[in-house]
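Owing to the predicted nature of the structure, the values given are computational and were not obtained by experimental measurement. Sequence lines set the chain letters: A, B, ... in the order given, protein chains first and strands last, and positions in each chain run from 1.
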There are 2 protein chains.
Amino acid sequence: MPKRSKKEAAEGDAGEEAGRRPAKSSRGEAPALYEDPPAREVTPGGQRFTLKVTSWNVDGLRAWLRKGGLQWVQEEAPDVLCLQETKCGGAAVPPEIRGLPELPHQFWASPEGRPGYSGVGLLARHEPLSVTYGIGEEEHDREGRVVTAEFPALFVVAAYVPNAGRGLVRLEYRQRWDVAFRSYLARLDAQKPVALCGDLNVAHAEIDLRHPRANRRSAGFTAEEREGFGALLEAGFLDSFRHLYPSVPHAYTFWTYLGGARDRNVGWRLDYFVISRRLEGALCDSKIRSRVLGSDHCPITLYLAL
Amino acid sequence: MPKRSKKEAAEGDAGEEAGRRPAKSSRGEAPALYEDPPAREVTPGGQRFTLKVTSWNVDGLRAWLRKGGLQWVQEEAPDVLCLQETKCGGAAVPPEIRGLPELPHQFWASPEGRPGYSGVGLLARHEPLSVTYGIGEEEHDREGRVVTAEFPALFVVAAYVPNAGRGLVRLEYRQRWDVAFRSYLARLDAQKPVALCGDLNVAHAEIDLRHPRANRRSAGFTAEEREGFGALLEAGFLDSFRHLYPSVPHAYTFWTYLGGARDRNVGWRLDYFVISRRLEGALCDSKIRSRVLGSDHCPITLYLAL
DNA sequence: CTTTGCAAG
DNA sequence: CTTGTAAAG
């Protein structure tokens, strides 16, 4: 692992330094606990982190780049960067990103014949031992939703889970996905610890969205999707953020663009680092960079001491 | 006709007053003759104008409104306003326009099942005697291209002539249109004088576009379209601008958005006031407001002494 | 409300 | 290059 500069250590301020700190919420809802202070950069056992992973649903890589998202990433300086909803891949990835010197090992997945839809990227400082695309099931591997990179100590999985859609038109498909994806992750976990990073398109519990009552039958908060997430945890995984901050409310990673939801912190926690339970002792911190702009999601960052 | 205020009389400056005068062309190509001075507001016989008509291809009424096009129109203060490529009609016309006190009589045409395409509007200070839509032929009346208003002394026809398309895919249709439209105008002209106002989608002669050689087979400058325009003039009409300014070059009304064509005045004269020959004595001026921004076309204004 | 690709100009 | 659209979120 590379040495850390003083500036990199102060990653809690990165959003502010970039001048992209939005107007303070009039309700002051977004708590500072998990975003303001410097990271807890040690485990409870006192080990310093050795791996920093950032995940961000960019809602269109090219628009995100125009909005300065990449500058924030450079200040955050993660070892691995997982991007979701790139809405482009391969040749359409802008050269500023392709040529990033800090993250030279880049792997992009995008749908077959559907430009502008879905798409994920995994970018790494160090070359992975191996990289795979999809989850090994024909039905689920057509939409550019998963890239898995194997490193010496763990698998990093960048994922963009299918949205159940308006009117839940795709909820049934989503349930098939959840089963298949859980099985995929369990298979990986049988080999090596796993860090699943991404937009899982579900708010697990009532604490994870602003208006749980109103959203009982909304995509991302149906019983079906919540149970899918619960089943994943039961299969041997940990919701790293909630594990560290079991009762912090108003901690969201997504705010619809409609109606100024973000200014009022009317949001959802849809982005996660879900890690193998046996990584619990390696977990330093799991942070939500809720003030960082550039998308309808904010970035999140994981610190592990491996 | 209403009295003219001092400000209205100085319509040559309207674009400038609105603060929308663009940077001067580096080549200084746009001559001042037909745009800078106050209008010739009298006929050669010394009669003062009594009717002022402005025509503008707005390339999307709603975007044009956001860009401030309406303010310029209010300073120009025409008695009749003809708009082309509104890309909306009826209920989609913004209320700021629907409620214009100076032009309360409004008539909008738009295509059947094709929102966002074509569309023309005719707005008048005084109520017309009658208004008709289209040119009376089924094949040509599905795209919201023509509104005709009958006034005591003449017909005003607002028209957006079909573009022959990239690769001239619609040139054949355009030729059928030209025949039918000419016949329609001749029929009107048999009743009362006509002022045809609009985007005729043809540059008549080499003087009417910057690169005639390169555009011999481009939509808007094919022999077929040019001959169609010639046939219209032979049917008893006058190209009012060219009649008054027979040899003024670089007088354009359209510049493609591609490659900064407008800054270099690489344009086409596609917008016209074509009037019945017997209105020659009533013709005061025909002006091209080439510095007025808000669309890829500029507005044009006709002054008649009826 | 925003991104994308598309058709059209 | 810009408009408007649709699909998607």
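Distance, Y117(A) OH to dA7(D) C1': 10 Å, rounded to whole Å. As a whole-Å value, the separation of K87(B) NZ from dT5(D) P is 9 Å. Atom CH2 in W64(B) sits roughly 17 Å away from atom C1' in dG4(D) (whole-Å rounding). Atom P of nucleotide dC1(D) and atom CZ of R264(B) are separated by 11 Å, given to the nearest angstrom. Rounded to whole Å, atom C1' of dA8(D) lies 11 Å from atom CZ of R145(A). As a whole-Å value, the separation of D59(B) CG from dT2(D) P is 10 Å. Across the protein-nucleic acid pair, L293(B) atom CG and dC1(D) atom C1' stand 15 Å apart, rounded to whole Å. One atom, CG of L61(B), and another, C1' of dG4(D), lie 12 Å apart when rounded to the nearest Å.
Here E143(A) pairs with R170(A) in a salt bridge; the nearest charged N to carboxylate O distance falls below 4.0 Å. Between R142(A) and E137(A) there is no salt bridge, since none of the side-chain N atoms of the basic residue sits less than 4.0 Å from a carboxylate O of the acidic one. Under a 4.0 Å N-O distance rule, the pair R262(A)/D296(A) does not qualify as a salt bridge. Using a cutoff of 4.0 Å between basic side-chain nitrogens and carboxylate oxygens, R182(A) and D178(A) are not scored as salt-bridged.
Residues from residues 215-222 of chain B with heavy atoms under 4.0 angstrom of DNA chain C: there are none.
Geometrically, R226(B) engages F221(B) in a cation-pi contact, judged by NZ or CZ lying under 6.0 Å from the ring centre and within 45° of the ring axis. The side-chain tip of R114(B) points at the ring of Y117(B) from less than 6.0 angstrom away and within 45° of straight on.
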Quick one: do R176(A) and E139(A) satisfy salt bridge (Lys or Arg N to Asp or Glu O under 4.0 Å)? Show the steps, please. CA-CA 9 Å; R176(A) 286 201 302 282; E139(A) 183 190 11; 2.7 Å; yes
Given side chain to side chain contact (heavy atoms under 4.5 Å, CB included), test I135(A) with R145(A) step by step and report yes or no. CA-CA 9 Å; I135(A) 63 178; R145(A) 295 187 174 277; over 6 Å; no
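Within 4.0 Å of Y160(B), counting heavy atoms only, lie sugar-phosphate atoms of the nucleic acid but no base atom. Using a 4.0 Å heavy-atom distance criterion, R170(B) is classed as making no nucleic acid contact.
If G259(A) and A63(A) are placed on DNA chain C by their nearest nucleotide, the residue sitting closer to the 5' end is G259(A).
Heavy-atom minimum distance, P299(A) versus T54(A): CB-CG2, 4.2 Å.
Boundaries of the chain A contact region on DNA chain C are dC1(C) to dG5(C), first to last in 5' to 3' order (nucleotide atom under 4.0 Å from a heavy atom).
The side chain of Y257(B) lies closest to dC1(D) when the candidates are dG4(D), dG9(D), dC1(D).
At dA6(D), none of the side-chain N or O atoms of R166(A) fall inside 4.0 Å of OP1 or OP2 (strictly under the cut-off).
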